[in-house]
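Have a look at the structure that comes next, please.
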Amino acid sequence: MRINRILLAAPLVVVALVIQVSVLARLQLPGAVPDLLLLVVLALALVYGHVGGCLVGFGAGLLADLAPPSDHAIGRYALVLCVIGYVAGLTKPDSGQHRSATVPLIVVIGAAIGSTLMYAGVGALVGDTAARHVGLVGLLLSATLYDLLLAPFIVPLVMAVARRTDNDPLAADGSGQSSAGGRDPAYGWLSSGSGLKVGRIGGQRGGLLGKPSRGKGDRLKGVKRL
């Protein structure tokens with residue numbers, strides 16, 4: 001994982017965790033707690049891919065396991081977010097950018113349901129039966145609803161910041177294509193706005209190059225006549 005990705009993901013994860021623990025967890029909403037940390041991991045996974053999403057998810061989950069007032073086994077949420085980040089990163093297209101918001105929306109819904117089920121399943125394996133007392137169906141519905149309400153404000157913003165810091169604006173090939181696969185705006189401006197000037201310069205250059213060659217041909221003809 002690149003250094004610039006780590007430098008961006010670390011503060012985002014810390015800020016999301018602090019807001020979730022100090023603000024969202026104290027709202028006393030019915031059902032689940034809005035999972036801001038999950039949305040940040042999903043946004044980064046959609047940009048970084050499955051490997052980056054897996055690493056970010058594991059680090060974010062482990063930090064959540066260690067942060068107070070955590071009352072579950074260490075590594076439980078790290079495993080959940082690691083798997084969620086890996087699966088979400090698999091949806092990253094080859095071009096590196098989604099053409100519509102449909103896929104990220106489906107990823108958010110699937111992650112909200114999948115993370116709740118995995119968290120409850122891992123808890124059942126280690127003897128934590130809290131999900132049974134709260135109601136698994138209520139947790140699924142509330143978690144999906146809260147994450148969908150927060151997603152339009154969190155996921156696009158984090159994805160935009162991640163793309164801006166991940167791409168090198170100077171990395172472009174000779175055809176004017178940037179590293180992100182799109183056409184370089186500067187190249188398009190040069191080719192469209194100054195095309196007439198380039199044509200004139202090219203014509204003048206061709207005329208200057210042609211004149212000496214014709215003069216040399218006339219000299220050779222004069223020599224042959226003599």
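Keep in mind that what you see is a predicted model, and the values were worked out from it rather than measured.
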Point to revise | Heavy-atom check, side chain of V83 versus side chain of M118, under 4.5 Å | key: yes
Those residues at least two apart in sequence (or on a different chain) that pass side chain to side chain contact (heavy atoms under 4.5 Å, CB included) with S142 are A32, Y146
ask   = Counting distance only, does the side-chain N/O of T144 pair as donor-acceptor with the main-chain N or O of L141 below 3.5 Å?
value = no
*State whether the side chain of N4 and the backbone N or O of T165 hold a donor-acceptor pair below 3.5 Å, judged by distance alone.*
yes
Those residues at least two apart in sequence (or on a different chain) that pass ring-ring contact (aromatic ring centres under 6.0 Å, His included) with Y86 are H50
Using the rule that two of Ile, Leu, Val, Met, Phe, Trp, Tyr join whenever any of their side-chain heavy atoms come within less than 4.5 Å, decide whether I74 and Y119 are in one cluster. no
V108 meets the side chain to side chain contact (heavy atoms under 4.5 Å, CB included) criterion, sequence neighbours left out, with L39, L42, D147, L148, A151, V155
Grouping I, L, V, M, F, W and Y whenever their side-chain heavy atoms are under 4.5 Å apart, do I154 and I109 come out in a common cluster? yes
Side chain to side chain contact (heavy atoms under 4.5 Å, CB included) filter on P93, not counting sequence neighbours, yields S95, H98
Contacts of A45 meeting side chain to side chain contact (heavy atoms under 4.5 Å, CB included) (sequence neighbours excluded), chain-then-number -> A88
Under 3.5 Å, side-chain donor or acceptor atoms of residues 11-29 against the rest of the protein: list the pairs with distances, not counting sequence neighbours.
residue, atom, partner, partner atom, Å
Q20, OE1, L36, N, 3.1
Q20, OE1, L37, N, 3.0
S22, OG, V18, O, 2.4

Can I get a per-line list of side-chain donor-acceptor pairs under 3.5 Å for residues 58-65, giving both atom names and the distance, sequence neighbours left out?
residue, atom, partner, partner atom, Å
D65, OD1, H72, NE2, 2.6
D65, OD1, Y77, N, 3.2
D65, OD2, G75, N, 2.9
D65, OD2, R76, N, 3.4
D65, OD2, Y77, N, 3.4
D65, OD2, A78, N, 3.1

Heavy-atom closest pair (L44 atom, A9 atom, distance to 0.1 Å) is CD1-CB, 3.8 Å
Here the gap from C54 atom SG to I84 atom CD1, rounded to the nearest 0.5 Å, amounts to 11.5 Å
What one should report as the nearest heavy-atom pair of L38 and D35 is N-OD1, 3.1 Å
- Side chain K92, main chain V47, donor-acceptor under 3.5 Å: yes
Shared hydrophobic cluster for V122 and L66 (ILVMFWY, side-chain gaps under 4.5 Å): no
